[in-house]
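Data first, discussion second: the structure below is written as structure tokens.
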Amino acid sequence: STPFRHEIILDGQSHAAGVYVMDLPGGLGRPFVFVEGIDFGLGPSNQPWQNGDFGWREWLGCDPANYPMLAMMPNLVDSIVQRGYTPVLIDFEDGTGDLWDNAALLADILTFLNDYKTDPRTMVVAGASMGGQLARIALKQLEDLDEAHCTDLYVSLDSPHCGANVPIGLQQMIQFLAGSGGVVNGLLGALSSPAARQLLLLQLGSLSARNAYQADID
């Protein structure tokens with residue numbers, strides 16, 4: 001089914017995400033929250049059940065052709081459910097947006113889940129790649145505000161906590177070929193997105209966004 005849409009306003013700008021909750025007996029239950037990684041959205045279009053190229057269907061392992069690394073996700077999801085958790089996926093509307101903005105959005109979502117979960121036990125918050133960093137930041141933001149996030153386990157999967165690497169030669173090739181249009185032009189835009197500029201260790205342009213982000217993380 002379609003997800004809940006969760007929105008916050010920061011400095012007059014809207015930031016939103018799809019929040020998918022597995023339909024299980026007992027309502028929201030004890031959430032196992034999974035935060036998506038960077039999503040450049042280079043596919044044909046968004047759909048009601050998916051923002052960008054990654055959504056609920058992909059996370060559940062239903063697209064092994066494009067996401068072969070997730071082919072075994074049904075086993076993991078079954079294991080999560082058997083352990084008493086309700087799987088929840090956070091799918092950002094702007095999967096390449098500023099990391100601090102999406103982290104603030106995630107923190108608000110975690111507060112909402114904590115307020116409305118129907119199981120008194122603590123949550124698990126996990127994230128892959130960029131999602132692992134957003135989860136880390138969101139939990140820390142809540143702690144700094146002295147707000148209970150009711151999370152006792154944080155899982156980081158393949159997250160570039162010290163910076164992501166796309167070889168500079170590959171970036172130059174993408175820039176050179178971008179004039180031909182198509183997906184290559186989209187890749188160049190992806191490399192210029194706020195999240196990419198905050199994460200990439202090597203960039204064709206200024207490293208100011210990257211350096212400022214890592215300084216704040218440290």
Side-chain angles (χ1 to χ4, degrees), residues 1-7 15-24 28-29 31-83 85-97 99 102-103 105-106 109-110 113 123-136 138 154-160 164-166 170 174 177-178 181-196 199-200:
S1 64
T2 55
F4 297 99
R5 183 177 186 272
H6 192 103
E7 179 185 19
H15 303 276
V19 182
Y20 296 83
V21 179
M22 183 168 282
D23 187 11
L24 297 173
L28 183 55
F32 183 105
V33 184
F34 189 86
V35 186
E36 73 165 345
I38 198 165
D39 187 350
F40 294 119
L42 298 177
S45 64
N46 288 353
Q47 302 181 39
W49 56 90
Q50 173 183 316
N51 295 317
D53 296 323
F54 187 85
W56 184 242
R57 177 176 177 271
E58 288 71 23
W59 185 65
L60 291 178
C62 300
D63 188 9
N66 293 311
Y67 294 91
M69 74 293 289
L70 297 179
M72 299 299 291
M73 278 301 293
N75 294 345
L76 177 58
V77 171
D78 284 346
S79 177
I80 291 170
V81 172
Q82 289 168 9
R83 283 166 170 77
Y85 292 96
T86 300
V88 176
L89 174 68
I90 310 302
D91 181 14
F92 298 102
E93 288 191 356
D94 185 355
T96 59
L99 299 183
N102 274 340
L105 170 61
L106 176 60
I109 292 171
L110 294 179
L113 292 173
M123 302 189 297
V124 171
V125 178
S129 189
M130 179 191 74
Q133 290 205 32
L134 295 178
R136 172 187 173 191
Y154 155 68
V155 183
S156 171
L157 303 171
D158 197 25
S159 297
N165 182 43
V166 174
L170 178 58
I174 291 171
L177 296 174
V183 70
V184 177
N185 196 48
L187 284 172
L188 182 61
L191 290 173
S192 303
S193 66
L199 290 172
L200 284 175

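Keep in mind the model is a prediction, meaning the values are calculated, not measured.
By the side-chain contact (heavy atoms from CB on, under 4.5 Å) test, Val124 is found to be paired with Phe32, Tyr85, Leu153, Val155, residues two or more places apart in sequence or in another chain being considered. With sequence neighbours excluded, the residues that form a side chain to side chain donor-acceptor pair (under 3.5 Å) with Asn66 are Asp63. Residues forming a side chain to side chain donor-acceptor pair (under 3.5 Å) with Glu36 (at least two apart in sequence, or on another chain): none. For Phe54, the ring pair (Phe, Tyr, Trp, His ring centres under 6.0 Å) test picks out Tyr67, with sequence neighbours left out. For Ser156, the side-chain contact (heavy atoms from CB on, under 4.5 Å) partners at least two apart in sequence or on another chain are Tyr154, Ser159, His161. Take Arg5 and apply the side-chain contact (heavy atoms from CB on, under 4.5 Å) test, not counting sequence neighbours, and it matches Glu7, Ser14, Ala16, Glu93. The side-chain contact (heavy atoms from CB on, under 4.5 Å) search around Leu200 returns Ala164, Val166, Gln171, Leu191, Ala196, Gln203, not counting sequence neighbours. With sequence neighbours excluded, the residues that form a side chain to side chain donor-acceptor pair (under 3.5 Å) with His6 are Asp108. The side chain to side chain donor-acceptor pair (under 3.5 Å) search around Thr96 returns Asp94, not counting sequence neighbours.
Met22 places a side-chain heavy atom less than 4.5 Å from the side chain of Leu60. Two residues are said to be in side-chain contact when any heavy atoms from C-beta on lie closer than 4.5 Å; Val184 and Leu188 fail this criterion. Here the side chains of Asp39 and Phe92 are not in contact, with every heavy-atom distance at 4.5 Å or above. In this structure, the side chains of Asp91 and Trp59 stay at 4.5 Å or more apart for every pair of heavy atoms.
Atom CG of Leu187 sits about 5.0 Å away from atom CD1 of Ile174, to the nearest 0.5 Å. Considering CG of Leu199 and CG of Asn165, their distance stands at 12.0 Å, rounded to 0.5 Å. Note that CZ of Arg57 and CG of Leu70 are 12.0 Å apart. Values are rounded to the nearest 0.5 Å. To the nearest 0.5 angstrom, Arg136 atom CZ is 11.5 Å from Leu99 atom CG.
A donor-acceptor pair is defined here as one N or O able to donate and one able to accept, closer than 3.5 Å; no such pair exists between the side chain of Tyr20 and the backbone of Pro87. No donor-acceptor pair closer than 3.5 Å links the side chain of Gln133 to the backbone N or O of Ala135. At least one donor-acceptor pair under 3.5 Å links the side chain of Glu58 to the backbone N or O of Gly55.
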Which pairs would a plain distance check flag for residues 71-83, meaning a side-chain donor or acceptor within less than 3.5 Å of a matching protein atom at least two apart in sequence or in another chain?
residue: Ser79; atom: OG; partner: Arg83; partner atom: NH1; Å: 2.3
residue: Arg83; atom: NH1; partner: Ser79; partner atom: O; Å: 3.4

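The shortest heavy-atom contact between Gly97 and Ala195 is O-CB, 3.4 Å. Counting all heavy atoms, side chain and backbone alike, Ser193 lies closest to Ala190 at OG-O, 2.8 Å. Listed here is the closest heavy atom pair of Ala17 and Ile90: CB-CG2, 4.1 Å.
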